[in-house]
2 protein chains.
Amino acid sequence: MARIKERENYRLRLKAVGLRHTLPRERILAYLDRKNVHPTPEELYQALKKKGFAIGLSTVYLNLQVLRDAGLLWEFKDQKGNTRYDGFTERHHHLFCLQCGRIEDVLPRDLPEFEAEPVRKAIEGRNGWFVEDARLEMRGVCPACQ
Amino acid sequence: MARIKERENYRLRLKAVGLRHTLPRERILAYLDRKNVHPTPEELYQALKKKGFAIGLSTVYLNLQVLRDAGLLWEFKDQKGNTRYDGFTERHHHLFCLQCGRIEDVLPRDLPEFEAEPVRKAIEGRNGWFVEDARLEMRGVCPACQ
DNA sequence: ATCATTGCAAACTGTTTGCATCAAG
DNA sequence: CTTGATGCAAACAGTTTGCAATGAT
């Protein structure tokens, strides 16, 4: 029942952006539908296989891009340059652990000390750029590694 | 004369970090010794060849890493995931142009609207991380592209 | 029935490595 | 003279593409 509702949820989310509902897409979205999960394509592929799902690596690559283009996923590079995907698409910042590679999300509302607006305005006024997005990248050591 | 002084300058900078002075290293450093230059290894290789310098691509790759490890260069990824190098090693932010790919440096002192310290403190207090570095990544459209 | 999607295998691109030669100290 | 650096060619890893089979609408 909950299973059926979930599936309906993915069907709707995909339809909303003009994409067909397929099993690979549902599984990719479902896997990324948690916070602080930021796998590489290979990691995601392995994780889905481990769950017993048959899926091709190129399908994973392809759909990560399709879903990213549709705005359903975020893509970014970690400090080693690996491509990572994030199912959490609200604007947010990232904390990178230099020790273990862990990546933690930080929501703007959880970091009132940083205000994007004044920064955007300042850059637009002084540098003449149009600034679409100002994001923080923080490097350090996570609690577990200290 | 100025040429000799320059060479001496590179010799000293390299010696200071325990590296031998070689022609490839001097040329790589010299090329990156300007602001707002952020080439990929391939671009740097082509640029040096165009200047008539004989150099191997693997030497470029190798030395970019050696110099980066020595702290003489900065390495980062652009929005397309290409590895880029920056001879300007003071902490600073980057502006990425979504249109033409241009990358502009923004010095902390030119952006007083962003204060790294309160942000670091906040993350350390609330998330329990040790934060070594908080950098801004801004995406937008540069003046030339508007 | 139609057309998008899948997934294998092959191709491609950026990067690294092995190794013989060469140059710096 | 000794040791590290160079640079070619070969290997490698992550990603993309061609294409026939499959699945969604």
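If you're wondering where the values come from, they're calculated on a predicted model, not measured in any experiment.
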Student: Record whether the side chain of R20(B) comes under 3.5 Å of the base of dT3(D) through a donor-acceptor pair of N or O atoms.
Tutor: yes
Student: In whole angstrom, what separates E75(B)'s CD from dT16(C)'s C1'?
Tutor: 13 Å
Student: Kindly indicate, with the supporting measurements, whether the criterion side-chain contact (heavy atoms from CB on, under 4.5 Å) is fulfilled by L44(A) and Y85(A).
Tutor: CA-CA 9 Å; L44(A) 177 54; Y85(A) 291 87; 6.0 Å; no
Student: From CD of E26(B) over to P of dA23(C), roughly how many Å is that when rounded to an integer?
Tutor: 16 Å
Student: Going by atom types only, do D105(B) and H38(B) share a side-chain donor-acceptor pair under 3.5 Å?
Tutor: yes
Student: Starting at the 5' end of DNA chain C and moving along, which residue's nearest nucleotide shows up first, R25(A) or Y45(A)?
Tutor: R25(A)
Student: Any side-chain heavy-atom pair from L64(B) and E75(B) closer than 4.5 angstrom?
Tutor: no
Student: Is there a chain of hydrophobic side chains (I, L, V, M, F, W, Y, each step under 4.5 Å between heavy atoms) that links Y61(A) to F53(A)?
Tutor: yes
Student: Can you tell me which residue among R126(A), K121(A), R120(A) is in a salt bridge (charged side-chain N to carboxylate O under 4.0 Å, His left out) with E124(A)?
Tutor: R120(A)
Student: Can you tell me how far C1' of dG25(C) sits from CG of L19(B), to the nearest Å?
Tutor: 14 Å
Student: Can R27(A) be said to sit on top of Y31(A)'s aromatic six-ring, NZ or CZ under 6.0 Å from centre and within 45° of the ring axis?
Tutor: no
Student: For a quick test of reading the model: is some side-chain N or O of T40(B) closer than 4.0 Å to OP1 or OP2 of dG14(C)?
Tutor: no
Student: In this structure, how many angstroms lie between the C1' atom of dT25(D) and the CZ atom of R11(A), rounded?
Tutor: 10 Å
Student: For E43(B) and dG14(C), give me the distance from atom CD to atom C1', rounded to whole Å.
Tutor: 13 Å
Student: Under a 4.0 Å heavy-atom cut-off, which of residues 76-87 of chain A touch DNA chain C?
Tutor: none
Student: Heavy atoms within less than 4.0 Å of DNA chain C: which residues of residues 49-66 of chain B have one? Give them sorted by number.
Tutor: S58(B), Y61(B), Q65(B)
Student: Rounding to a whole Å, what distance do you find between E42(B):CD and dC12(C):P?
Tutor: 17 Å
Student: What integer distance in Å separates L44(B):CG from dG7(D):P?
Tutor: 13 Å
Student: For a quick check under 3.5 Å, do D86(B) and H94(B) share a side-chain donor-acceptor pair by atom type?
Tutor: yes
Student: Start with the C-alpha distance between M138(A) and I123(B), add both sets of side-chain angles, then the distance that settles side-chain contact (heavy atoms from CB on, under 4.5 Å), and finish with yes or no.
Tutor: CA-CA 10 Å; M138(A) 292 166 282; I123(B) 296 286; 3.9 Å; yes
Student: Whole angstrom is fine here: how far is it from CG in L12(B) over to P in dG25(C)?
Tutor: 11 Å
Student: Under 4.5 Å between side-chain heavy atoms, counting indirect links through other Ile/Leu/Val/Met/Phe/Trp/Tyr residues: same cluster for L14(A) and L23(A) or not?
Tutor: no
